Trainee: 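Once you've had a glance at the structure underneath, I'll fire off some questions.
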Amino acid sequence: MSEFVNMLSSFNSQVATWLAPYLSQIVLIALICLTSVYGASLNKAVKRLIGQQNFVARTFVFILVTGVGIGSLIVFVSPYLVSMIKQIDRGYLPLTVLLLFVVLGALADRKNQV
């Protein structure tokens, strides 16, 4: 049993070593997944607010919300999330990344996007 635990611990350590250099990309993927899950709801809400406006106004608001709003969220929030994940003990990194994407999958399933 002890040999199995040592092997599992070694494997976990190796996976953590593989994941560590890619934390920025992992967080970026997670944020993009999150925005894709909730993007349709956000667009529906904005459409209800500005649906009666002319084409130019709707296009301007779409660019503002999507390009500037969501883009800024991804660009400015991802470094903070990376620094938060880096504070987690390296032994828990594989489990943290796995749980992150399981939660995102559950959210997507809840919104019927899977």
Side-chain angles (χ1 to χ4, degrees):
M1 185 70 168
S2 174
E3 187 176 318
F4 176 73
V5 171
N6 287 337
M7 187 176 69
L8 194 59
S9 176
S10 175
F11 176 73
N12 187 51
S13 178
Q14 184 63 43
V15 172
T17 302
W18 290 337
L19 290 175
Y22 300 104
L23 282 180
S24 295
Q25 289 85 354
I26 291 168
V27 167
L28 185 63
I29 291 168
L31 283 173
I32 291 171
C33 288
L34 190 64
T35 57
S36 70
V37 168
Y38 288 104
S41 300
L42 178 64
N43 283 340
K44 283 181 188 175
V46 170
K47 191 174 185 177
R48 269 185 265 130
L49 289 173
I50 62 162
Q52 303 301 324
Q53 301 299 320
N54 66 19
F55 172 76
V56 175
R58 289 193 319 260
T59 303
F60 180 72
V61 170
F62 174 78
I63 291 169
L64 214 69
V65 169
T66 306
V68 177
I70 294 174
S72 297
L73 173 83
I74 290 171
V75 168
F76 293 120
V77 170
S78 63
Y80 294 113
L81 289 178
V82 169
S83 66
M84 288 173 58
I85 291 176
K86 282 183 178 178
Q87 291 178 2
I88 296 171
D89 185 42
R90 198 172 176 128
Y92 295 110
L93 182 60
L95 179 63
T96 302
V97 170
L98 179 67
L99 285 175
L100 173 67
F101 286 102
V102 167
V103 167
L104 285 171
L107 289 172
D109 184 56
R110 192 180 221 187
K111 297 199 53 92
N112 294 323
Q113 295 190 3
V114 174

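Just so it is clear, the structure is predicted and the values come from calculations on it, not from any experiment. Values reported hereafter were calculated over all heavy atoms of this structure, with side chains retained and with hydrogens, waters and symmetry mates removed.
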Trainee: Got a list of side-chain donor-acceptor pairs under 3.5 Å for residues 7-29, not counting sequence neighbours?
Mentor:
{"unit_1": "Asn12", "atom_1": "ND2", "unit_2": "Gly91", "atom_2": "O", "d": "2.6"}
{"unit_1": "Thr17", "atom_1": "OG1", "unit_2": "Ser13", "atom_2": "O", "d": "2.9"}

Trainee: Answer yes or no: are there more than 12 heavy-atom neighbours, outside Lys111 itself, under 6.0 Å from its atom NZ?
Mentor: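 Yes, because the 6.0 Å sphere around NZ of Lys111 holds more than 12 heavy atoms from other groups.
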Trainee: So if you build clusters from Ile, Leu, Val, Met, Phe, Trp, Tyr with side-chain heavy-atom gaps below 4.5 Å, do Leu100 and Val103 land together?
Mentor: yes
Trainee: Please determine whether residues Leu73 and Phe62 belong to a single hydrophobic cluster, defined as Ile, Leu, Val, Met, Phe, Trp and Tyr linked transitively by side-chain heavy-atom distances below 4.5 Å.
Mentor: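 No; Phe62 is not reachable from Leu73 via cluster members.
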Trainee: Can you tell me how far the CD atom of Gln52 sits from the CZ atom of Arg48, to the nearest 0.5 Å?
Mentor: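 Spacing of CD (Gln52) from CZ (Arg48) equals 13.0 Å.
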Trainee: When you group the ILVMFWY residues by side-chain heavy-atom contacts below 4.5 Å and let the links chain together, are Leu99 and Val82 in the same group?
Mentor: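 In one cluster with Val82: Leu99, no.
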Trainee: Does Leu95 share a hydrophobic cluster with Phe101, counting links as ILVMFWY side-chain heavy atoms below 4.5 Å and allowing steps through other members?
Mentor: no
Trainee: So which heavy atom on Gln53 is nearest to which on Arg58, and how close?
Mentor: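 Minimum heavy-atom separation between Gln53 and Arg58: O-NH1, 2.7 Å.
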Trainee: Measure the spacing between CD1 of Ile74 and CD1 of Ile32 and express it to the nearest 0.5 Å.
Mentor: 5.0 Å
Trainee: Can a donor-acceptor pair be found, under 3.5 Å and without considering hydrogens, that links the side chain of Asp89 to the backbone of Tyr92?
Mentor: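 Judged by distance alone, no pair lies under 3.5 Å.
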Trainee: So Ile85 and Val97, do their side chains get closer than 4.5 Å, heavy atoms only?
Mentor: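 They are not in side-chain contact.
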Trainee: Given the rule that I, L, V, M, F, W and Y join up when any side-chain heavy atoms are under 4.5 Å apart, are Leu98 and Leu104 in one cluster?
Mentor: no
Trainee: Which atoms form the tightest heavy-atom contact between Arg90 and Pro94, and what is the distance?
Mentor: O-CD, 3.8 Å
Trainee: Just wondering, do Thr35 and Leu42 contact through their side chains at under 4.5 Å, heavy atoms?
Mentor: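 Of all side-chain heavy-atom pairs linking Thr35 with Leu42, none is under 4.5 Å.
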